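Bear in mind the structure is a predicted one, so any value in this text is a computation, not a measurement. A note on names: the letters A, B, ... follow the listed sequences, proteins ahead of strands, and every chain is numbered from 1.
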Amino acid sequence: VDYQIDLIAQGLIDGSIYALIAVGMTMVFGLLRVLHVAHAGVYTFGAFVAVIVYNAFGSFALALVCAGLACGALGVLIYFAFYQRLLDRSPEVVLIASIGLFIAMQEAYRILFGANGVSYTPAPLRQTLALGPVHLSAGELMMLVFTVAVFLLLGVLARQTRFGVAVRATVTDPQMARSSGVSVTQVRVFVFFLGSVLAGIAGTFSGVLNNFVEPTMGAVPLFKAMAIIIIGGFGDVRGTLVAALFIGLVEAYGTVYLTHILDRDAIAFAAMLAILLARPRGLFEG
Amino acid sequence: MFMILSRRAGLILGLALLGFAGGAAAAETPIKIGFHGVLTGPNSVDGLNSQVAINLALKKWNDAGGINGHPIEIEMLDDQAKPDVAVPAINKLTGDDSILAIISATLSEPTKAAAPFAQDAQIPYISAWASSPDVTRIGDYIFRIGLLAPIEGKAAADFIAKDLKLKKVALVTVKSDLGKEVARGFKAVAGGLGLDIVGDLEFSVSDRQFGPMIANLQTLNPDIVFETGYYFHGGIVPQIRAAGLNTPVIGMTSNSAQQFLDIAGAAANGTYTLNTIDWSHPSPELSKFLADFKAKTGFSPTSSAAHAYVAADVLFQAIKNAPTMSREAIRDSLAKGTYDTIVGPVSFGTLHETRRVVYVSKIVDGKYTTAAVIDDPVLLAPPEK
């Protein structure tokens with residue numbers, strides 16, 4: 001039983017990182033119908049900013065704030081420099097631009113920060129906490145708490161604020177929203193900012209838990225996030241959370257029981273295919 | 001008379017000058033070596049480290065007057081670890097008649113693509129650290145410095161059984177050719193050494209979080225974990241400790257890297273790693289290499305860098321010992337010599353695989369210290385066919 005609880009905990013931890021990165025992608029998809037591949041580049045940027053700030057000043061809180069804000073700004077910059085100019089083009093054009101931007105970002109990180117990767121010195125949040133049969137590091141626990149808080153706040157924001165209503169209106173019908181006095185650009189900038197902040201925070205936690213930040217670290221979470229937003233029903237924040245935790249759990253069990261048959265990264269996609277066969281529009285749509 | 005003498009003196013002087021000039025020209029004719037390696041792209045870390053190391057070997061030899069008075073030059077080409085880039089690179093090198101031998105510091109696939117061209121052109125070709133067992137089977141002009149992966153596995157088994165005297169081993173293997181080959185070597189000798197493999201777990205090269213696997217590891221209750229990951233999997237050690245598991249851990253030579261120490265942090269202390277370098281008893285030349293490499297790069301050399309340095313050093317020694325400067329004579333000289341190197345004595349078997357000892361390090365206060373030297377020639381013997 002202890003082992004099962006431990007496995008579930010590990011699945012939820014991995015799922016939390018996936019959720020934090022996927023939620024930004026899913027919000028952008030909901031708003032613009034664009035698969036924001038370069039979001040994984042923003043995630044990596046956050047990880048680099050955090051490790052550099054931490055190694056310079058020794059404060060994890062400062063590193064987290066700087067990573068979040070820097071990524072928020074980068075997300076807004078990406079919106080204005082790329083997506084806004086391409087929105088009247090076909091979705092394929094925007095997708096290819098986003099993939100190209102992601103590759104360029106990875107190469108830029110390699111040039112700026114080196115191919116060897118960077119580690120936290122000394123590694124923060126490594127204290128071990130025993131919660132019954134489960135041992136978690138302080139970093140893992142903090143990330144779990146943070147993920148829960150983020151999704152609760154997003155729920156409140158979406159349902160109980162005027163801005164949330166504006167976002168939902170823009171998602172449903174941008175023309176109608178605009179004619180009702182909603183500033184569509186403002187909504188889009190805000191969504192890019194918020195999604196990118198969360199990507200930066202996901203990157204920060206990922207960097208701390210792995211104690212390793214590398215230029216290509218966004219690639220695997222990107223694939224997982226794509227599987228998650230497909231399972232969760234494109235653009236659905238609640239679906240994204242459930243799908244991310246689901247993928248984390250499937251991977252945790254798959255890593256133990258299917259390791260000699262399926263690669264861990266393939267397990268997420270096998271799960272995605274199985275769900276799409278049963279529910280072609282994802283868990284929460286149709 | 002004076003005129004005759006003077007003419008004769010002039011002639012002699014002229015001839016002497018000509019001879020001197022000719023002699024000087026002969027002494028200064030450079031010995032040219034080719035190199036291809038992964039210098040750009042995602043796999044360039046080891047290639048760039050190898051390039052630094054080879055340049056250090058080159059500087060050492062040239063500062064000491066080159067080989068028999070000839071300075072050494074190296075033409076270095078990037079193969080991006082891609083077979084389709086390695087082939088034009090090797091063609092450029094084999095097409096240059098003045099190149100006497102080639103060193104490569106790249107992955108197995110580009111090595112396997114390039115080496116047949118060196119074999120066809122009958123140019124001695126030394127792979128510094130490509131891991132595929134097929135490399136030296138390409139032909140009799142092909143040599144390798146890096147240890148074959150199964151030999152690393154055997155050395156680890158020997159250390160666990162004879163030095164640590166532990167019994168129950170959990171294998172935690174990265175799903176790459178290298179990791180699986182190391183595990184294969186380990187399994188081949190484990191039974192004979194009285195080791196009991198209580199778990200055979202695997203993880204992906206892209207994994208950085210190992211929680212579920214570690215949860216599984218805890219249920220196996222091993223005496224020691226043999227983890228065959230790369231340096232960037234260093235997070236596995238603190239994650240094992242964070243899960244409350246204090247079992248000893250031993251890694252393969254990939255863990256002999258500053259990056260591994262940085263990633264694993266304090267959790268690395270007390271763990272073991274197979275090593276190319278005898279950190280506790282460095283020879284003066286090894287000490288100089290370690291210091292010079294650190295001065296150039298800011299970090300300590302990896303196994304790949306040490307292998308590349310040895311590849312160049314062994315090649316230069318073989319050229320020096322060769323009776324003539326022909327490529328065939330250099331190949332024969334390489335094959336029959338025993339070389340003093342920074343990793344200890346090195347010689348080649350009939351397949352031209354390297355024969356040498358394996359060091360095991362224990363990490364103490366964030367530094368590698370030599371825990372054992374595995375030198376059983378039967379256990380470490382490379383394949384001969």
Below 4.5 Å, heavy-atom pairs only: which of [options] has the largest tally toward chain B?
| options | value |
| --- | --- |
| A:Asp265, A:Val256, A:Val220 | A:Val256 |
| A:Arg110, A:Gln106, A:His135 | A:His135 |
| A:Asp2, A:Ile17, A:Leu7, A:Leu209 | A:Leu209 |

Please test B:Gln239 against A:Gln10 for side-chain contact (heavy atoms from CB on, under 4.5 Å), starting from the C-alpha separation and ending with a verdict. CA-CA 11 Å; B:Gln239 288 174 40; A:Gln10 294 302 331; over 6 Å; no

Could you state the interatomic distance from [atom1] ([X]) to [atom2] ([Y]), rounded to the nearest 0.5 Å?
| X | Y | atom1 | atom2 | result |
| --- | --- | --- | --- | --- |
| B:Leu245 | A:Thr128 | CG | OG1 | 11.5 Å |
| A:Thr255 | B:Phe203 | OG1 | CZ | 12.0 Å |
| B:Arg208 | A:Met217 | CZ | CE | 9.0 Å |
| B:Gln218 | A:Asp6 | CD | CG | 5.5 Å |

My understanding is that only one of B:Lys175, B:Gln209, B:Met213 makes a side chain to side chain contact (heavy atoms under 4.5 Å, CB included) with A:Arg264; could you say which?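 Among B:Lys175, B:Gln209, B:Met213, the one meeting side chain to side chain contact (heavy atoms under 4.5 Å, CB included) with A:Arg264 is B:Gln209.
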
Parallel, tilted or perpendicular: which fits the ring planes of B:Tyr231 and A:Phe212, with parallel below 30° and perpendicular above 60°? perpendicular

Contact origin within [X] toward chain A - heavy atom pairs under 4.5 Å:
| X | result |
| --- | --- |
| B:Ser204 | both |
| B:Ala257 | neither |
| B:Asn216 | both |

Is the side chain of A:Asn211 donor-acceptor paired with the backbone N or O of B:Asp262 at a distance under 3.5 Å, no angle test? yes

Bottom line for A:Asp263: the part with an atom under 4.5 Å from chain B's heavy atoms is both

Could you check which of B:Ile236, B:Ile263, B:Asn49 has the highest count of heavy-atom pairs closer than 4.5 Å to chain A?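 Top option by heavy-atom pairs under 4.5 Å: B:Ile263.
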
